[in-house]
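Encoded as structure tokens, the structure appears first; notes follow it.
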Amino acid sequence: MNLDPQYNPQGKEDEIYRQWEESGMFNPDHLPERNQQGEPYCIMMPPPNRTGTLHMGHAMGMAVQDLLIRFERMRGKKTLWVPGTDHAAIATQVKVEQILIKEGMKDPRKELGREKFLERVIDFAEKSRNTMVSQTRKMGSSCDWSRERYTFDAERNRAVYELFKMMYEDGLIERGYRIVNWDPQFQTTLSDDEVLTKDVRAKLLTFTYDKNFPIAISTTRLETKFGDTAVAVHPDDERYQKYIGKIFEPVFCGKKLSITIVGDAAVDPKFGTGALGVTPAHSMIDAEIAERHSLATVPVIGKDARMLPECGSEFAGLSIEETRSKVQNMLTEQGLLQAVEEIAQALPVAERGGAPVEQLPMEQWFVRVNKPFILRQDTLEKWKKGQQTTLKELMRYAVESGQTRIVPERFEKIYFHWIENLHDWCISRQIWFGHRIPMWYCHECESKAIGRSFVLASRIGGATSLVETNSGAWFNDASKEPRFGSSVFYSEKYPLRCPRCKHDDLGGQIPFVQDPDTLDTWFSAGAWTFSALGWPDEGGWRAHRIYHPTAVLETGYDIVFFWVARMILMTTYATGQIPFRTVYLHGMVRDDQGRKMSKSLDNIINPVDMIEKYGADATRLSLVIGSTPGNDVKLSEEKIAGFRNFTNKLWNISRYILLNVKSAESDAKNPKARTLADRWILSRLNTLTKDYTAALEAYQFSRAGEMLRDFTWSELADWYVEIAKVEGGKDALLLSILKNLLHLWHPFMPFVTEEIWKTVGEKGALMVDEWPKPEKKMMDAPSEKDFSILQSLVVAIRNARSGFSVPPKELLRLTVRSGKFDALLLENMEPFKRLARVVDGGFGGKPKGAITILAQGVEVYLDLGGMIDLGKEKARLEKEIASVSQHVASLESRLGNADFVARAPAEIVEGERKKLEESKARLAALEAQLNSLK
RNA sequence: GGGCGCAUAGCUCAGUUGGUUAGAGCGCUGUCCUCACACGACAGAGGUCCCUGGUUCGAGUCCAGGUGCGCCCACCA
């Protein structure tokens, strides 16, 4: 037996993990027979971004997922936990760019070019992967490394392309010229979810375009006004009705505009002047108005967030701020500015980088969420194959039908609310790191359509301009925007033949060009549950299909929209299955003051540091106990240290038991309960096993953990082990309880339990040993009641000793009377003989110099001899009498209420009566005690 | 502007469908280095369950309103 007085996880954990891994049992195919017969149970690990290292949020997710997997594995399910990482497209590319800039490059992408730059990104991603895998191991995660996946590996790329193809064929992926969110800093589009709003103060200016223009308008974005093509007013607005339908041609800061006055109910007549300058190119709302009234779209801001030549030579190339103040000055000079007001504004900024996001009209790829399509799948209850539905409907259906349940439930509301507001999803990104869009353009088709060879068109800036280039050269030139009409077709690899013009790639030139853009990282992430299980590859998907739908998706609530919703969309569409039965959302891990952990605040707690200092088990406990789903958790090093203390406690309980067990006796099967304490602890253990298992099934991990900790510490260690030391002969019983306890703790703290397990003399790993079953026949309410009386008395005696400052070595005499409980006491007080020696007082009264101790109706006398302090005892009794009298009074008033007696359930009333009786008896006894002191 | 949540001991939080004198951990006070553990043992102090009103025999729990805090969504220009 090699159990040190203090448990040192350092060094042991890696070795234990290595043994688990070598056993092969992280892989469901190598699990014992009992699991092979079991129900499949699968969790897909949310793949962390390959951007460096794991943080406490990841650690929390892993702790919960490993808990679930270990719990279900021990219960005999065929458990698969698939680990993986996410290429995270923009996040990783930005990270690498930042590193390269720090290393001295000015514009890494320009300096390195696409291929060289990508090499650097891939290299960084690989290093990150290695770091994260090792951190995942440190946490004790029992995931199947033989099935490790990467959102950007060859098979996932294949799945992404297949999915893209399906959606393209179903008309759900479309190229469109629309207003998109443009990040001028990283020169890429963003999805709506990647745009945040920042509260800023802005100037709301009221002005007219020129002195002949009859209507004043207000704006915070003066610079966009070069692109105005209309002024919209409410159709019922009497002030402006007479202008509706008229066209004006004001000269705005040197640029001649063509402004149509339109009536549109979307305009709020009470805001500002009640007239709205319509800028269709740079505002989604304006674009909608423009569409209703067939207005022209005139872009005036370019991708570099500078003014386009259309604004006139005076403004072309100026930044937004420069333009804004210049225009304001010009308007002031001309006397056109009527008012300047400071207002609060929600400025759209990029989630990554924080630069203001511009809205520009561009040609991009979109997923159409509201467009009806013909369903390919025949597995959904609501729609048959061949019926029409929309992606939005599928998303709603998965949760509405209860096939996916979100924990905590309130996030279902949030989810539906988000779906309501969901617009088409822009999926093309102008970054280099990611799944290249599998669409190709045929120059032959394009040439035939336009009548010239190798031509391109730029649509940024509204008018189409044609550009001649050398073959193949243009698509790396970011300044040229290819326009693709009928020439576009899907191909996973380099196409050999154009499906339309049947043109072959023969002459060594490059007639086919792939779309230079890549896919939004969430496109591939959305396919995670099924792509990671081998879809669409026939063999792979067939082999893994038993695991789909997966059991639980465990992730942070911050990516419900980014990821969870999109997984539901993609999976239901592509496979006809909902991706997971339960979504368990954990909160954000914050510092002890509730602040986000960040580098600038220097308040980051690193999981690996904590594991090295306190062990993985303590770190896991600190993340799971004391946190509830969907709520943020405050973490501090002290909290982790506290759980380290507990792991040490469990270690020492085990140490005591294992050091004292005599092997011969411990071999006895079905150890029998001999004493009250034995019956009590077995009853408690079995009740606990039942409640604890139920709590885990209900995802109440914190509650389960607290329950088990309280049992382990306050019942087993503080009472039973102490009693066992004196009563003796409990080796087999103790060992059996310990074994059960190790099982129950294993999902929370796999390392220390497995380590102790090595010493209990069982074969095989605890990790796959069978989960304890609660036995009803062991649950023994009368014994629990009797034991609790004993506990109350012992506590009362200790209390008295402490209150009267009785020296620890002083032996006291405890006189019991004849009666059922007193007989029980005589039998069971032996373990507490150091507190008091019990004597049978027959039916005699209280000895002189003794105080009366009352516990749950049992009255005994503790002889304090000369140490009694009558004043103190009197004060104590008076205090207690006051409190009990109050309780009696409240019970009497309740029972005196006729309505209560008539309307409350009989058992409640009966319970109150009984309580009143007991309290009255106690009160009488206390008063008698007090009188006897006088 | 719309939506969601939170408010319980000094701190961090539990408190299931309304029903004991509202609980835990940490911290605090006192005693003890008792042969598993001082990362420990024993005992103790500490609460107007944010406020107001309502429903009910009964409210920390349900309803309405208010206050304070947090989050999400949203291009009234």
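Residue numbers begin at 1 in each chain, while the letters A, B, ... track the order of the sequences. Please read these numbers as outputs of a predicted model, since none were measured by experiment.
- Among the protein residues, A:D268 comes within range of the nucleic acid bases, having at least one heavy atom under 4.0 Å from a base atom.
- The residue A:E722 sits close to a base: some heavy atom pair falls under 4.0 Å.
- Within the 4.0 angstrom heavy-atom criterion, no nucleotide atom of any strand lies near A:E912.
- A:I414 comes within 4.0 angstrom of the backbone, heavy atoms only, and of no base.
- Rounded to a whole Å, the CZ atom of A:R798 is 16 Å from the P atom of B:U34.
- Following rounding to the nearest Å, A:I259 (CD1) and B:A77 (P) show an atom-to-atom distance of 19 Å.
- Residues passing the ring-ring contact (aromatic ring centres under 6.0 Å, His included) test with A:F411 are A:Y557, sequence neighbours excluded.
- Under 3.5 Å, the side chain of A:K413 and the base of B:C4 form no donor-acceptor pair of N or O atoms.
- Here the nucleotide nearest the side chain of A:H887, chosen from B:A36, B:G5, B:U20, is B:U20.
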> Could you go step by step and tell me if A:R620 and A:F643 meet the side-chain contact (heavy atoms from CB on, under 4.5 Å) rule?
Replying inline: CA-CA 9 Å; A:R620 290 165 61 125; A:F643 284 107; over 6 Å; no
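- Partners of A:F561 according to the side-chain contact (heavy atoms from CB on, under 4.5 Å) rule, which considers only residues two or more places apart in sequence or in another chain, are A:D193, A:I414, A:W418.
- In terms of phosphate contacts, A:K915 brings no side-chain nitrogen or oxygen within less than 4.0 Å of OP1 or OP2 of B:G19.
- Rounding to the nearest 0.5 angstrom, the gap separating the CZ atom in A:F748 from the CZ atom in A:F646 is 10.0 Å.
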Shorter than 3.5 Å, N or O on both sides, protein versus nucleotides 14-16 of chain B: list them out with atom names.
{"residue": "B:A14", "atom": "OP1", "partner": "A:T628", "partner atom": "OG1", "Å": "2.8"}
{"residue": "B:U16", "atom": "N3", "partner": "A:R703", "partner atom": "NH1", "Å": "3.1"}
{"residue": "B:U16", "atom": "O4", "partner": "A:R703", "partner atom": "NH1", "Å": "3.1"}

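- The environment of A:R239 atom CZ is dense: over 12 non-hydrogen atoms of other residues, nucleotides or ligands sit within 6.0 angstrom.
- Phosphate contact (OP1/OP2 of B:U20, side-chain N/O of A:K914, threshold under 4.0 Å): absent.
- Residues from residues 632-645 of chain A lying near RNA chain B, meaning a heavy-atom separation below 4.0 Å, are A:K634, A:R644, A:N645 in numerical order.
- Within 4.0 Å (heavy atoms only), A:D718 reaches sugar-phosphate atoms of the nucleic acid but no base atom.
- With sequence neighbours excluded, no residue forms a salt bridge (Lys or Arg N to Asp or Glu O under 4.0 Å) with A:E907.
- Nucleotide B:U34 forms no Watson-Crick or G-U wobble pair with any nucleotide shown, as no partner meets the under 3.5 Å limit on both distances.
- By the salt bridge (Lys or Arg N to Asp or Glu O under 4.0 Å) test, A:R595 is found to be paired with A:D591, residues two or more places apart in sequence or in another chain being considered.
- An OP1 or OP2 oxygen of B:U34 is reached within less than 4.0 angstrom by no side-chain nitrogen or oxygen of A:K725.
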>> Working note: A:V327 + A:F226, criterion side-chain contact (heavy atoms from CB on, under 4.5 Å); need CA distance, chi angles, decisive distance, verdict.
In response: CA-CA 10 Å; A:V327 170; A:F226 290 107; 4.0 Å; yes
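- Applying the 4.0 Å criterion to OP1 and OP2 of B:C39, one finds that A:W651 has every side-chain N and O outside that range.
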